[in-house]
Amino acid sequence: MQKLQSQGVHHITLVGAGRQTSIDFWEGVLGMPFIFEQPNLDKASESHLYFDPGDGRLITIFTDESRTPVKRRTPTDTGCVHHIAFAVSRVTFLQAVARLDERAIKHSGVKDRGFMDSIYFEDPLGLLIELASYRFEPPAGFTHADVLMQAHKVRVARGDYAIAEVHLADAIQALVERSRATLSEDRTPKNPY
């Protein structure tokens with residue numbers, strides 16, 4: 001047997017209500033450009049809206065003008081989607097509470113996740129949305145996942161409960177030391193003062 005190797009999320013498709021509800025939320029609240037629309041090729045009564053979440057990938061919504069928003073949390077049974085998280089820059093994250101409040105959107109407030117900060121709220125159809133902002137930038141040539149995997153190894157080796165900022169800093173240092181050569185014979189920390 002061989003794997004079917006994935007190379008990233010291609011798109012996520014959600015079942016929406018009327019067309020304008022989706023446009024107002026995905027573009028009007030989250031700023032995702034509405035890039036195209038076509039019929040749902042498997043169900044003629046539905047339209048298929050496409051939004052760019054900021055990385056050139058796609059969030060798509062099946063809409064039907066006969067459906068209205070159901071204002072209850074979507075199911076979280078086994079096999080269901082619990083939430084979708086979207087990356088936002090630190091400066092956007094720092095504005096999130098005020099911008100949600102001005103729309104009277106109920107939210108969780110800022111949640112400390114150790115390696116990132118999060119805010120949770122529901123879309124107009126009850127799907128839990130997370131805005132997530134990393135607390136670190138990976139070194140050149142590495143991804144956030146590379147840093148998190150190294151931070152996990154550091155955390156486990158130390159017997160700590162969850163990834164914290166110290167694990168991230170040490171992980172970044174380890175990745176840089178592994179990937180960047182030096183002319184120095186001794187790379188250990190020093191105090192020149």
Side-chain angles (χ1 to χ4, degrees), residues 1-93 95-97 99-111 113 115-134 138 142-149 152:
M1 287 191 297
Q2 292 181 302
K3 296 177 183 178
L4 300 168
Q5 186 60 55
S6 75
Q7 292 182 257
V9 173
H10 187 282
H11 71 277
I12 295 169
T13 300
L14 304 170
V15 177
R19 177 180 184 275
Q20 199 59 49
T21 299
S22 292
I23 295 169
D24 289 350
F25 178 73
W26 296 98
E27 186 170 50
V29 174
L30 295 182
M32 296 182 187
F34 175 31
I35 59 171
F36 76 98
E37 175 178 15
Q38 66 181 24
N40 176 353
L41 300 176
D42 295 320
K43 189 173 182 182
S45 64
E46 292 182 335
S47 187
H48 200 174
L49 311 183
Y50 292 74
F51 297 88
D52 178 351
D55 60 1
R57 300 193 189 277
L58 299 168
I59 298 292
T60 76
I61 318 293
F62 288 140
T63 63
D64 185 325
E65 296 310 307
S66 70
R67 295 193 295 247
T68 56
V70 178
K71 302 199 188 270
R72 70 178 189 288
R73 177 70 170 96
T74 56
T76 57
D77 300 331
T78 301
C80 293
V81 173
H82 186 274
H83 69 278
I84 299 177
F86 295 103
V88 296
S89 71
R90 190 75 188 152
V91 292
T92 298
F93 189 85
Q95 303 301 309
V97 167
R99 292 180 185 195
L100 291 167
D101 287 349
E102 76 182 353
R103 291 173 171 86
I105 296 173
K106 183 180 172 188
H107 57 82
S108 65
V110 175
K111 299 289 185 181
R113 299 298 185 219
F115 60 92
M116 68 180 187
D117 292 305
S118 299
I119 294 175
Y120 300 87
F121 61 97
E122 291 179 12
D123 83 345
L125 307 180
L127 176 64
L128 190 63
I129 301 293
E130 175 185 1
L131 300 180
S133 179
Y134 283 118
F142 291 97
T143 66
H144 286 91
D146 295 328
V147 174
L148 290 169
M149 185 173 188
H152 170 78

So side-chain hydrogen bond (donor to acceptor under 3.5 Å, both in side chains) across residues 72-84, not counting sequence neighbours, yields His83-Glu130
Quick one: does [X]'s side chain have a donor or acceptor within less than 3.5 Å of a partner on [Y]'s backbone?
X	Y	answer
Arg90	Ser133	no
Asp123	Gly126	yes
Arg19	Ser47	no

If you define the side chain from C-beta out and look only at heavy atoms, does anything of Leu127 sit under 4.5 Å from Leu125? no
Which atom pair, heavy atoms only, marks the closest approach of [X] to [Y]?
X	Y	answer
Phe121	His107	CB-CB, 4.0 Å
Arg103	Arg99	NH1-O, 3.1 Å
Ala96	Ile119	CB-CD1, 3.5 Å
Pro138	His144	CD-NE2, 3.5 Å

Would you give the length of the straight line joining atom [atom1] of [X] to atom [atom2] of [Y], rounded to the nearest 0.5 angstrom?
X	Y	atom1	atom2	result
Ile59	Phe86	CD1	CZ	4.0 Å
Glu122	Lys71	CD	NZ	10.5 Å
Tyr120	Ile129	OH	CD1	12.0 Å
Thr60	Phe36	OG1	CZ	8.5 Å
Leu100	Leu131	CG	CG	6.5 Å
His48	Phe62	NE2	CZ	4.0 Å

Distance-only donor-acceptor pairs under 3.5 Å for side chains of residues 20-29, two or more places apart:
residue	atom	partner	partner atom	Å
Gln20	NE2	Asp24	OD1	2.8
Glu27	OE2	Phe34	N	3.2

Begin from the C-alpha positions of Val81 and Ile12 and carry the test side-chain contact (heavy atoms from CB on, under 4.5 Å) through to its verdict. CA-CA 11 Å; Val81 173; Ile12 295 169; over 6 Å; no
Evaluate the side-chain contact (heavy atoms from CB on, under 4.5 Å) criterion for residues Met32 and Asp52: first the C-alpha distance (whole Å), next the side-chain angles of each, then the deciding distance (0.1 Å), finally the verdict.
-> CA-CA 5 Å; Met32 296 182 187; Asp52 178 351; 5.7 Å; no
